[in-house]
Protein chains: 2
Amino acid sequence: MNKKLRQEAIVRIVETETISSQKSLRKALMEKGLSVTQATLSRDLKELGVIKTVDDEGGYKYAFRENRRAPFFRSCEVSGNLLVVRTDAGMAPAVAYRIDEMGLAGVLGTVAGEDTLLAVVADGHDARQVRRELGVRGGGPGWRRNR
Amino acid sequence: MNKKLRQEAIVRIVETETISSQKSLRKALMEKGLSVTQATLSRDLKELGVIKTVDDEGGYKYAFRENRRAPFFRSCEVSGNLLVVRTDAGMAPAVAYRIDEMGLAGVLGTVAGEDTLLAVVADGHDARQVRRELGVRGGGPGWRRNR
DNA sequence: AGGGAGAATGCAATTTTATACACAATTCGC
DNA sequence: GCGAATTGTGTATAAAATTGCATTCTCCCT
């Protein structure tokens, strides 16, 4: 059975090339020596969770449904009673705002620069616990939870 | 123009109902008194970032691109040599940053509050022209360009 | 007011995608 | 190993989505 093999190839192609139709995906697979019909591709794409999105130039492009990395968030480290959150450039204030908005017990306040923000945790609270509550593992305020 | 109205209705429908074709979406809009052709829906869905995914039961279903909270942008008005940009709560600094980053000729600088930012346009430049260059009609810094 | 640029939209044709049906291949329980 | 059930795939076709072109609508400027 080469279904597995074929789908792996599809994953690779979708990740690396700009493909926007099953017909051209089929051609790409042909070039790799994999022969398959369009109908099967329709089923494969459904199974693999490949969707048709819009790329930066406004054209259509296949992509995977789930999002690898959350939008703005880069990292979140604990140092003493501080949380040091790194974000995409310019996004720190937005993320800080969201954190404030959450009104987490133990967060005294936040200060945001351009791509970094500090959240000050009150004495008597555990910064690690706060980080956990932020849900950094799976998402958080300014970024979406993956499922 | 009821494009805005229509697209808002589409958002509501996509969020609350299980729709899997433009034809049935069209029907749903009809019931709300909004008349539109399938071709326009195709364009709307592309613009709104609606994708076709697979739901829990294995059927197709429209949904929003994971990443879609991107459009922080709410509106952009011109007043004299100022652009007044409204954004989602807390997002103004992020959008201002993106605008700065674009380095548009004629933009002297930006000041961001919480959900509003001002971009100051230099004398001798046309604020409307700047707005056009921002691509506000079809996208912009913190939101996706479509066309 | 009048004109023009760009946006929005419909229509029709085309392209792309999904699926019903038939059959082959594989897996499973005995 | 054998038949039954499940899974995989192609073919043909139906269904759905996209797009070129023409037209209309909206602003904005003079």
Side-chain angles (χ1 to χ4, degrees), chain A residues 1-10 13-14 18-30 33-55 57-63 65, chain B residues 1-10 13-14 18-30 33-55 57-63 65 75-81 83 121 125-140 145-147:
Chain A
M1 187 227 299
N2 46 14
K3 179 181 179 181
K4 194 178 168 70
L5 185 67
R6 183 184 66 237
Q7 293 196 339
E8 284 170 358
I10 291 173
I13 291 172
V14 167
T18 294
I19 299 278
S20 63
S21 80
Q22 295 172 9
K23 190 174 169 188
S24 56
L25 174 56
R26 180 161 187 254
K27 213 173 61 167
L29 285 168
M30 288 295 200
L34 291 165
S35 168
V36 68
T37 62
Q38 172 269 320
T40 297
L41 287 183
S42 173
R43 294 164 182 137
D44 280 346
L45 295 185
K46 181 177 184 181
E47 211 172 301
L48 293 170
V50 172
I51 58 178
K52 207 171 177 178
T53 61
V54 178
D55 71 13
E57 276 71 40
Y60 289 97
K61 176 184 191 309
Y62 283 139
R65 179 154 44 67
Chain B
M1 188 239 298
N2 44 16
K3 179 181 179 182
K4 193 177 167 72
L5 186 67
R6 182 185 66 238
Q7 292 195 341
E8 284 169 358
I10 292 174
I13 291 172
V14 167
T18 294
I19 298 278
S20 64
S21 82
Q22 296 173 6
K23 190 174 169 189
S24 57
L25 174 57
R26 180 162 186 254
K27 213 174 60 165
L29 286 167
M30 287 296 198
L34 292 165
S35 168
V36 68
T37 62
Q38 173 270 323
T40 296
L41 287 185
S42 173
R43 293 167 181 132
D44 280 345
L45 295 186
K46 181 177 184 179
E47 209 170 304
L48 293 171
V50 172
I51 57 178
K52 207 171 178 179
T53 61
V54 178
D55 73 9
E57 304 313 320
Y60 288 98
K61 176 184 191 308
Y62 283 140
R65 203 168 44 204
S75 68
C76 179
E77 301 299 328
V78 171
S79 172
N81 61 335
L83 291 183
V121 177
H125 286 267
D126 179 12
R128 287 165 210 286
Q129 175 57 25
V130 172
R131 177 170 67 171
R132 217 166 294 130
E133 280 167 16
L134 274 179
V136 162
R137 292 238 159 274
R145 179 173 301 274
N146 35 48
R147 62 165 87 138

If we ignore hydrogens and angles and just use 3.5 Å, is the side chain of A:Asp55 paired with the main-chain N or O of A:Gly59 as donor and acceptor?
yes

May I ask you to decide if A:Asp44's main-chain N or O and A:Lys3's side chain share a donor-acceptor pair within less than 3.5 Å?
no

[X] [atom1] to [N] [atom2], straight-line distance once rounded to whole Å:
X: B:Leu5; N: D:dT26; atom1: CG; atom2: C1'; result: 17 Å
X: A:Lys3; N: C:dT26; atom1: NZ; atom2: P; result: 13 Å
X: B:Lys27; N: D:dA15; atom1: NZ; atom2: P; result: 15 Å
X: A:Leu45; N: D:dT9; atom1: CG; atom2: P; result: 13 Å
X: B:Tyr60; N: D:dA15; atom1: OH; atom2: C1'; result: 12 Å
X: A:Leu41; N: D:dT9; atom1: CG; atom2: C1'; result: 11 Å

At 10 degrees resolution, what angle do the end axes of the helix from C:dA1-D:dT30 to C:dC30-D:dG1 form when each is taken over five base pairs?
50°

B/S/- contact track for nucleotides 10-16 of chain C, protein heavy atom under 4.0 Å:
BBB---S

So, OP1 or OP2 of D:dT9: does either fall under 4.0 Å of a side-chain N or O from A:Asn2?
yes

side-chain contact (heavy atoms from CB on, under 4.5 Å) with A:Ile10: which of A:Val36, A:Leu25, A:Leu34?
A:Leu25

For a side-chain contact (heavy atoms from CB on, under 4.5 Å) with A:Tyr62, tell me which candidate from A:Thr53, A:Ile51, A:Thr18, A:Val50 qualifies.
A:Val50

Note, A:Leu41 side chain near A:Leu29 side chain (heavy atom, < 4.5 Å)
yes

Could you go step by step and tell me if B:Lys4 and B:Glu8 meet the side-chain contact (heavy atoms from CB on, under 4.5 Å) rule?
CA-CA 6 Å; B:Lys4 193 177 167 72; B:Glu8 284 169 358; 3.8 Å; yes

